Amino acid sequence: SPNDLKEVESYVKEHYAAPNSDYYGIAKGRNVITIHLESLQQFVIDYKLKDENGQEHEVTPFLNSIFHSNSTFSFDNFFHQVKAGKTSDAETLMENSLFGLNQGSLFSQLGGKNTFQAAPDILKQTGGYTSAAFHGNSGNFWNRTETYKNLGYDYFFDSSYYDVNDENSFQYGLHDKPFFQQSVQYLERLQQPFYSKFIAVSNHYPYSEFKNDEAGFPRATTSDETINGYFATANYLDKAVEEFFNYLKASGLYDNSIIVMYGDHYGISNSRNPELATLLGKSKDTWSNYDNAQMQRVPYMVHIPGQDKGGINHTYGGEVDALPTLLHLLGVDTSKYIQLGQDLLSEDHDQVVAFRDGDYVTPNYTYYSSNLYDNSTGLPVTDPSEELQKQADTWKQAVSTQLSTSDNINNGDLLRFYSASGLEPVDATQFDYKDGLK
Ligand code: GP9
Ligand code: MN
């Protein structure tokens, strides 16, 4: 009921993190180009894979160059926060600053019927942006077609807009290089400024698509074939993104755009991590749930060509924090929006990162699978001081309130009652993605 909104509003007000004036609006009016880096984990950044001759191969040289550029706001303590909804949960988090559901996918269950105040719609109503999502898989997957309408996307170019055949695709759709190549014809006809999202999917489990000579990248040699293929598909993604950047530069779009890149969730699951350990200079035998928690870091980079205030920021945060961060860089005031994350560049940012199941990570302590760990040793805290126990209880409470607030909003469809944002409700019936740009 509208009454349930009161509690939500006071939570949001209490947690609002004001923008940092050094960065507020530095990308105002620019196009936004978001690139979804499927299953890419932060450990891959700067990682070099050794082949059987001991020769090192940089897995993502292009993304590494972006990560280290001072035109990029890069975050190396940024965590995914998804559960069973995987990619779709990441999209929910990144574009709404709300969590997915504790069970299943919010896109599948509520995406077609709920009211949202999402990135495409906010930018349209505050900045006159056109919006488009690009993905070389069927629009039904994760109920995207229906959900995107409610998110306010003007256009959705799904696989029906692409030449997809046995040669250039796999079970999740078109491969990344042809995906970006074929996307350009649509992108260049979009009215500027635009907000766009490109879901590149080749680096998807089971990472079996590219053998040595196709990818030109060696396989790892652990006993786990999933791990072994992961580096080659990540390298292919890196090359595809580089080609897309080259296009952006050649077309002139680059200079008046901002390019956001994020990894949606882990690519290597916890059950496989002990096998991965040796490649990370760690021991399989001492690998623990502490290590599993730390592996949930994913890349988050906001590249703003022509400015040099960026760098590698060590703030702890997660996908829920991305939208307020982005909006503030674009000079959009978020104080009236129902968003549960906090601008990562704000002085007020809280560094308690919630996982969807109630576990959490902070700069000094990690709570994962019922254990509290000291980050400085990686060991469980067996006998916490009274003070630390109190602190840990506070963190747990903060995380559970953030998650339950999100669930109340989503399950109660509360945004349909919320008009104080100043946003007109999205009229999903005005979108028909079959017509494209005709
Ligand atoms: C398919 C792709 C896969 O369209 O988004 O999603 P995931 O399996 O990673 O959730
Ligand atoms: Mn995914």
Side-chain angles (χ1 to χ4, degrees), residues 34-44 60 63 78-96 99-112 132-149 151 153 155-162 164 168-180 182-183 196-209 226 229-230 233-234 236-238 240-241 260-272 295-300 318-320 322 355-356 433:
T34 297
I35 304 177
H36 169 110
L37 307 167
E38 180 60 43
S39 302
L40 198 72
Q41 291 177 236
Q42 181 65 23
F43 84 85
V44 177
T60 55
L63 292 174
F78 183 86
F79 292 77
H80 83 77
Q81 299 175 295
V82 315
K83 214 171 165 186
K86 302 300 288 287
T87 293
S88 68
D89 281 357
E91 294 181 68
T92 299
L93 283 149
M94 297 294 296
E95 298 192 299
N96 296 276
F99 287 82
L101 302 174
N102 198 32
Q103 278 171 337
S105 155
L106 181 142
F107 269 33
S108 302
Q109 293 171 50
L110 302 172
F134 301 78
H135 184 42
N137 194 6
S138 158
N140 301 329
F141 203 99
W142 287 131
N143 196 29
R144 281 189 176 101
T145 299
E146 295 317 309
T147 306
Y148 284 176
K149 291 177 185 171
L151 298 183
Y153 271 106
Y155 304 105
F156 175 25
F157 301 99
D158 76 345
S159 54
S160 65
Y161 285 89
Y162 296 84
V164 185
N168 67 7
S169 69
F170 73 130
Q171 93 187 89
Y172 293 100
L174 188 58
H175 274 310
D176 297 345
K177 284 188 185 185
F179 167 60
F180 285 117
Q182 294 184 41
S183 294
S196 60
K197 169 164 76 173
F198 292 83
I199 303 179
V201 76
S202 291
N203 188 45
H204 193 290
Y205 177 84
Y207 320 110
S208 57
E209 290 303 307
T226 298
Y230 182 65
T233 49
Y236 173 82
L237 167 63
D238 184 74
V241 171
V260 179
M261 291 186 276
Y262 72 95
D264 58 340
H265 49 71
Y266 63 84
I268 305 298
S269 61
N270 285 352
S271 62
R272 299 179 191 278
M295 291 299 283
Q296 308 311 311
R297 286 177 171 81
V298 290
Y300 180 53
E319 290 169 336
V320 74
F355 292 127
R356 177 59 255 202
Y433 297 149

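All of these numbers come straight from a predicted model, not from anything done at the bench. Starting from 1, each residue takes its place in the sequence as its number. Both counts, for ligands and for their atoms, begin at 1 and track the order of listing.
A donor and an acceptor atom, one from each side chain of His175 and Ser202, are located under 3.5 Å apart. Side-chain atoms of Glu95 and Tyr153 include a donor-acceptor pair closer than 3.5 Å. No hydrogens or angles considered: nothing links the side chains of Gln171 and Asn137 as a donor-acceptor pair under 3.5 Å.
Nearest to the Mn ion (ligand 2), among the N, O or S atoms that Asp264 has, is OD2.
Between Glu38 atom OE2 and His265 atom NE2, the angle centred on the Mn ion (ligand 2) amounts to 100° (nearest 10°).
Stacking of Lys197 on the aromatic ring of Phe134 is not recorded, the 6.0 Å distance cut-off and the 45° axial limit not both being met.
Counting heavy atoms under 4.0 Å from ligand 1, residue Asn137 touches it through the side chain alone.
Under 2.8 Å from the Mn ion (ligand 2) lies no N/O/S atom of His36, from backbone or side chain alike. Among the backbone and side-chain atoms of Ser39, no N/O/S atom is found under 2.8 Å from the Mn ion (ligand 2).
Between Tyr172 and ligand 1, a contact under 3.5 Å exists for no N or O pair. In terms of polar-atom proximity, defined here as any N/O pair under 3.5 Å, Lys86 makes no such contact with ligand 1. Residue His135 has at least one N or O atom closer than 3.5 Å to an N or O atom of ligand 1.
Using a non-hydrogen distance threshold of 4.0 Å, Trp142 registers as a contact of ligand 1.
Scanning all protein heavy atoms for the shortest distance to atom 9 (O) of ligand 1 gives Thr87 OG1, 2.6 Å. Summary of contacts: the protein heavy atom closest to atom 2 (C) of ligand 1 is Val201 CG2, 3.8 Å.
Here atom 5 (O) of ligand 1 lies nearest to Arg144 when heavy atoms of Glu38, Arg144, His204 are compared.
Outside the 6.0 Å centre-distance limit, the rings of His135 and Phe157 are not counted as a close aromatic pair. Taking the six-membered ring for Trp and the full ring otherwise, Tyr266 and His80 have centroids separated by under 6.0 Å.
Dense packing is recorded around CZ of Phe78, with more than 12 heavy atoms of other residues, nucleotides or ligands lying under 6.0 Å away.
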Quiz item: Can you list the steps and then say if Glu38 with Tyr205 is a side-chain hydrogen bond (donor to acceptor under 3.5 Å, both in side chains)?
Solution: CA-CA 9 Å; Glu38 180 60 43; Tyr205 177 84; over 6 Å; no
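Atoms of ligand 1 found under 4.0 Å from any heavy atom of His265, numbered from 1 in the order shown, are 9 (O).
For the pairing with His36, the ring pair (Phe, Tyr, Trp, His ring centres under 6.0 Å) check across Tyr300, Phe179, Tyr262 returns one residue only, Tyr262.
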